[in-house]
Engineer: 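If you scroll down you'll find the structure; I have some questions about it.
Indexing begins at 1, ligand by ligand and atom by atom, following the structure's order.
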Amino acid sequence: MSAHILTEREGGVLILRMNRPEKKNALTRAMYKAMAQTLTQADQDASVRSVLITGGHDCFTSGNDVADFLQAPPDGLNSEVFMFMQALFDFSKPVVAAVCGSAVGIGTTLLLHCDLVYVSRDATLKMPFVNLGLCPEYGSSMILPRLLGQAKAAELLLLGSAFNGEQAAAWGIANQALHDSAATIAKAFDMAQRFSLLPPSAVTDSKRLMRAPDREQLRQVIAAEGELFSQRLHSPEAREAMTAFMQRRKPDFSNL
Ligand code: COA
């Protein structure tokens with residue numbers, strides 16, 4: 001287990017908290033592994049009725065640890081990040097997210113696989129994959145154009161434009177934007193708790209039906225995105241973008 005992933009039980013709700021505040025909850029391989037294991041165990045534990053994912057009051061997550069991307073890039077289907085993606089994709093029970101502060105990269109794309117999402121109004125969400133020399137991941141290249149239309153999805157995925165909690169709710173990425181982080185976490189917890197009062201198999205059967213129509217296509221898209229993403233991590237474009245982030249300078253793609 002990673003020291004940066006905290007879990008807590010409140011009745012039927014398992015709270016999974018990303019807790020690496022000094023790095024804005026940037027996700028390391030150990031954190032992905034711990035989250036994947038937590039989800040897999042929670043799926044098998046009948047007393048868990050829902051999972052709440054949060055990063056606490058200040059930051060959801062700044063996405064994959066950029067230093068990890070540079071030093072030990074994930075290698076496809078055996079990587080910890082893929083294990084996490086798979087575990088969330090296959091999770092049979094409801095997952096609720098409480099998003100405060102920044103949600104970058106996988107911090108935004110993982111929301112597309114949660115059942116309910118609550119976000120603070122001033123949260124900042126963005127998917128700067130292209131900006132980092134990468135490509136969309138975790139099904140976002142399929143889900144977002146369908147949800148938002150090609151034009152809006154292009155702003156978010158090709159330009160990497162940021163958006164706030166109110167926009168996330170207006171566009172259907174989140175259920176509701178709340179006025180501050182305390183209200184966001186309280187609302188998400190309240191909604192997660194509601195599942196404890198419902199008949200559990202009716203909930204999981206219904207979730208499965210809701211997700212079934214696109215499921216196999218989405219699985220293939222996630223695999224194809226993952227393959228390209230892994231290749232792009234080794235590209236000169238990605239090396240320059242990520243090195244520039246670590247060196248706190250603007251990237252220079254003019255000679256690439
Ligand atoms: N990977 C590794 N380190 C990260 C990180 C990441 N994804 N996000 C933040 N950090 C580190 C910073 O390098 C900094 O470390 P330092 O104090 O040792 O210098 C620390 O976390 C604080 O980050 P900082 O950028 O100073 O905070 P901020 O409040 O100004 O900005 C963010 C917060 C999240 C907007 C900004 O850090 C950011 O854009 N992060 C990168 C996001 C990203 O590109 N993720 C990958 C997506 S695929």
Engineer: Determine whether N164 and L125 make a side-chain contact, defined as any pair of heavy atoms from C-beta on separated by less than 4.5 Å.
Structural biologist: no
Engineer: For atom 11 (C) of ligand 1, what's the nearest protein heavy-atom neighbour? Residue, atom name and distance, please.
Structural biologist: K23 CD, 3.7 Å
Engineer: Take atom 44 (O) of ligand 1 and look for protein heavy atoms under 4.0 Å from it; say yes if you find one, no if not.
Structural biologist: yes
Engineer: Can we say D90 and R219 salt-bridge, meaning some charged N sits less than 4.0 Å from an Asp/Glu carboxylate O?
Structural biologist: yes
Engineer: A26 to ligand 1: N or O pair under 3.5 Å?
Structural biologist: no
Engineer: Are the side chains of S206 and V203 in contact, using a 4.5 Å heavy-atom criterion?
Structural biologist: no
Engineer: Under 4.5 Å between any side-chain heavy atoms of L148 and E155, yes or no?
Structural biologist: no
Engineer: What do we get for L134 next to ligand 1 when only non-hydrogen atoms under 4.0 Å count, side chain, backbone, both or neither?
Structural biologist: neither
Engineer: Check whether any side-chain heavy atom of S120 sits under 4.5 Å from a side-chain heavy atom of L178, and report yes or no.
Structural biologist: no
Engineer: Thinking salt bridges, do R29 and E80 make one under a 4.0 Å N-O criterion?
Structural biologist: yes
Engineer: Write out the residue and atom name of the closest protein heavy atom to atom 8 (N) of ligand 1, then the distance separating them to 0.1 Å.
Structural biologist: S62 OG, 3.0 Å
Engineer: Any idea which part of N64 is under 4.0 Å from ligand 1, heavy-atom wise: side chain, backbone, both or neither?
Structural biologist: backbone
Engineer: Side chains of T28 and D65: donor-acceptor distance under 3.5 Å anywhere?
Structural biologist: no
Engineer: Below 4.0 angstrom, counting only protein heavy atoms, does anything approach atom 27 (O) of ligand 1?
Structural biologist: yes
Engineer: Would F229 and F69 count as a close aromatic pair, with their ring centres under 6.0 Å?
Structural biologist: yes
Engineer: Give me the nearest non-hydrogen protein atom to atom 38 (C) of ligand 1 as residue plus atom name, then the distance to 0.1 Å.
Structural biologist: F245 CE1, 3.9 Å
Engineer: Any idea which atoms of ligand 1 are less than 4.0 Å away from a heavy-atom of E22?
Structural biologist: 20 (C), 21 (O)
Engineer: Closest non-hydrogen protein atom to atom 17 (O) of ligand 1, residue and atom name please, with distance?
Structural biologist: R248 NH2, 4.2 Å
Engineer: Heavy atom under 4.0 Å from ligand 1: found in M246's side chain, backbone, both, or neither?
Structural biologist: neither
Engineer: For atom 32 (C) of ligand 1, what's the nearest protein heavy-atom neighbour? Residue, atom name and distance, please.
Structural biologist: S102 OG, 4.3 Å
Engineer: Evaluate the side-chain proximity of D115 to K207: yes if any heavy-atom separation is below 4.5 Å, no if none is.
Structural biologist: yes
Engineer: Look at E227 together with R232 and state whether they make a salt bridge at an N to O cut-off of under 4.0 Å.
Structural biologist: no
Engineer: At what distance is the nearest protein heavy atom to atom 31 (O) of ligand 1, and which residue and atom is it?
Structural biologist: K24 CE, 4.7 Å
Engineer: Any protein heavy atom sitting closer than 4.0 Å to atom 47 (C) of ligand 1?
Structural biologist: yes
Engineer: Which atoms of ligand 1 sit under 4.0 Å from any heavy atom of L132?
Structural biologist: 44 (O), 46 (C), 47 (C), 48 (S)
Engineer: Considering only protein heavy atoms, which is closest to atom 1 (N) of ligand 1, and at what distance to one decimal place?
Structural biologist: V66 N, 2.8 Å
Engineer: In plain terms, say whether D205 and R208 are close enough for a salt bridge, that is, a side-chain N and a carboxylate O under 4.0 Å apart.
Structural biologist: yes
Engineer: Would you mind listing which atoms of ligand 1 come within a distance below 4.0 Å of any non-hydrogen atom of V104?
Structural biologist: 42 (C), 43 (C), 45 (N)
